[in-house]
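Below is one structure, written out as structure tokens; comments come after it.
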Amino acid sequence: MTKSDDGKTVSYWEASEDLLEKDSLNQSIETDVCIIGAGISGLTTAYLLTKAGREVIVIDDGLIGGGTTSRTTAHLANAIDDRVYRIENWHGEEKAKLAVDAHAGAIDQIERIVQTEQIDCDFTRLDGYLIQATENSDDDLEKEFEAAQKVMDVERVERAPIKDFDTGECLKFPRQGQFHVLKYLSGLAKAIEQNGGRLFSNTRATDWKGEDAPEVKTADGQTIRAKSIVLATNYPIMSKMFAKLPAYRTFVIGAKIPKNSVEKCLIWDTADPYHYVRIQEEEIHDVLIVGGEDHRTGQENDGEARFAKLFQWTQERFPFADEILYKWSGQFLETHDGLAFIGRFSDSEPNVYLITGDSGMGMTHGTIGGMLVSDLILGGGNAWTEVFEPSRILTQSIAEAVPEIISSTAPYVDWITGGDVSSADEIKNGEGAIVSHGTTKIAAYRDENGKLYQRSAVCRHLGCIVRFNTLEKTWDCPCHGSRYGIDGQPINSPAFLPLEEIKDSSN
Ligand SMILES: Cc1cc2nc3c(=O)[nH]c(=O)nc-3n(C[C@H](O)[C@H](O)[C@H](O)COP(=O)(O)OP(=O)(O)OC[C@H]3O[C@@H](n4cnc5c(N)ncnc54)[C@H](O)[C@@H]3O)c2cc1C
Ligand code: FES
């Protein structure tokens, strides 16, 4: 299955494990900790706090685990995506070591939880290999080896142990991991409830305040009073962090391969954007999961072409991969210095905590988030606090920072260009387009039955014009990554309100 009934792609995890649905919150309540967001970040925090005896409520506006966590590929690595040598440049050797240790600690934590709670989620320890991309010939591997060997276990090997694919000399990182993320979250949710925690799905937070009387308001008019609030919503809702968190779309295929035809390991290469690979065992065959082809959210609309490129890349290296069984896309948030933002929201909101900026490593960053934030709430120290401090200052050079800034502002030009079509009549079934009426821009979508949906195309964050995402049937903002359904309802922040209704919806 590659598409759901509403036209969105379906990940391998969603196809093989049901997302949990709980009651929605229908009364105002008090608790020790209110966690907003039931992805890996929120549920790990909830698990650790309930285990320590705290009263915890988790709310999610969708199903449990149905956010970015359901779209991942679930590599567990302490070999940092942005490279250890860049982390060392940006943060210094001591903090680079702490960051690598934190990711290793997160994998250990997941392993511990899997064992303690007996979660059947295919958790496996395996080696990871950073291989040279054929597209570039820079000295990335050399620089990475130099830096990594100072802070972690790494080996230079002649090739990765894959029978038919000669990777050439590469770096081997031992004791990485992988798992089935939704099976893991199901186990976490069960353990949280056994510890007395309460989970509510389809419960949207519409407001929160911290200071000395923290509380969360929900769309249904309920109030949750709590001693602490954790924003585990991927992008921290109602924050102004958008300039520090550029949003990207990334693409994944799951190709059918003969059983045991590829040794189990993690692979990623030095391309930009890079390819990432893992194997998921099935009963009759295995699935080779290959991701990459990232782009800034809303700035391209060629998802199917990106899947085709991924498949071509895969077949050139694994010629026996002859069929795509799964294909999906997802969103991730970068930071300016390769590490997540985890900790207190601000000095003036000391009881509000956030976990964001996954940098493509949100399985481990989300778990680090749970460990660090629960330590802060429980009043203990944590050696990683300073490394992930949300208010840390920019350590990138101007030359590194400027392209992201331009990329976030250039799309405002859409205000003065014409629409994609001059009338909604030109839009075929299953397609969406921007229609210009004078200075008004309309986001128009016609469903498979010919019904037309129209909303203002002006993003409710800072007024960019949204663009249609044909693959996922959503409206995506090219400036800071907000996304909306065809009904105009927000899917990804920073925007928080729906696209405005259009008064005249003739056609
Ligand atoms: C294709 C892809 C591949 C990836 N591969 C890897 C990988 O191999 N390894 C790795 O470490 N990371 C990977 N990542 C990143 C990782 O998957 C994410 O960073 C991680 O899942 C984020 O988890 P989270 O809990 O922070 O956010 P989410 O899973 O998005 O959870 C946040 C939740 O908050 C809810 N929410 C939002 N707003 C509100 C509101 N107002 N009220 C109530 N609830 C709200 C959402 O519905 C959502 O369920 C990948 C990401 C993608 C897209
Ligand atoms: S997300 Fe900022 S303007 Fe749309």
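For ligands, and for the atoms within them, numbers begin at 1 and follow the listed sequence.
Proximity to Cys464 (heavy-atom distance under 4.0 Å) selects the following atoms of ligand 2: 3 (S). Less than 4.0 angstrom separates some heavy atom of Cys459 from each of these atoms of ligand 2: 1 (S), 3 (S), 4 (Fe). Close approach of ligand 2 to Ser482 (heavy-atom distance below 4.0 Å) involves ligand atoms 1 (S).
In summary, Glu193 and Lys22 engage in a salt bridge, as defined by a charged side-chain N under 4.0 Å from a carboxylate O.
Among the backbone and side-chain atoms of His480, an N/O/S atom is found under 2.8 Å from atom 2 (Fe) of ligand 2. For residue His461, an N/O/S atom approaches atom 2 (Fe) of ligand 2 to within less than 2.8 Å.
Taken together, the cysteine pair Cys464 and Cys479 places its SG atoms within less than 2.5 Å of each other.
Protein residues lining ligand 1, listed by chain and number: Ile36, Gly37, Ala38, Gly39, Ile40, Ser41, Asp60, Asp61, Gly67, Thr68, Thr69, Arg71, Thr72, Thr73, Ala74, His75, Thr203, Arg204, Ala205, Ala232, Thr233, Asn234, Ile237, Thr250, Val252, Tyr276, Gly330, Gln331, Asp358, Gly360, Met361, Gly362, Met363, Thr364, Phe496 [non-hydrogen atoms, distance under 4.0 Å].
Evaluation of the side-chain hydrogen bond (donor to acceptor under 3.5 Å, both in side chains) rule for His365 yields His103 as partners, not counting sequence neighbours. For Glu500, the salt bridge (Lys or Arg N to Asp or Glu O under 4.0 Å) partners are Arg460, not counting sequence neighbours. Scored by the ring-ring contact (aromatic ring centres under 6.0 Å, His included) test, Trp384 finds no partners at all (sequence neighbours excluded).
Heavy atoms of Cys477 found under 4.0 angstrom from ligand 2 belong exclusively to the side chain.
With Trp208 as the partner, the side chain to side chain contact (heavy atoms under 4.5 Å, CB included) test is satisfied by one option alone out of Lys217, Glu215, Glu349: Glu349.
A perpendicular orientation is assigned to the rings of Tyr326 and Tyr12, their planes being inclined by more than 60° (bins at 30° and 60°). The aromatic rings of Phe332 and Tyr248 sit parallel, their planes meeting at an angle under 30°, below the 60° perpendicular limit.
Within the 3.5 Å criterion, the main-chain N or O of Gly197 finds no donor-acceptor partner in the side chain of Thr50.
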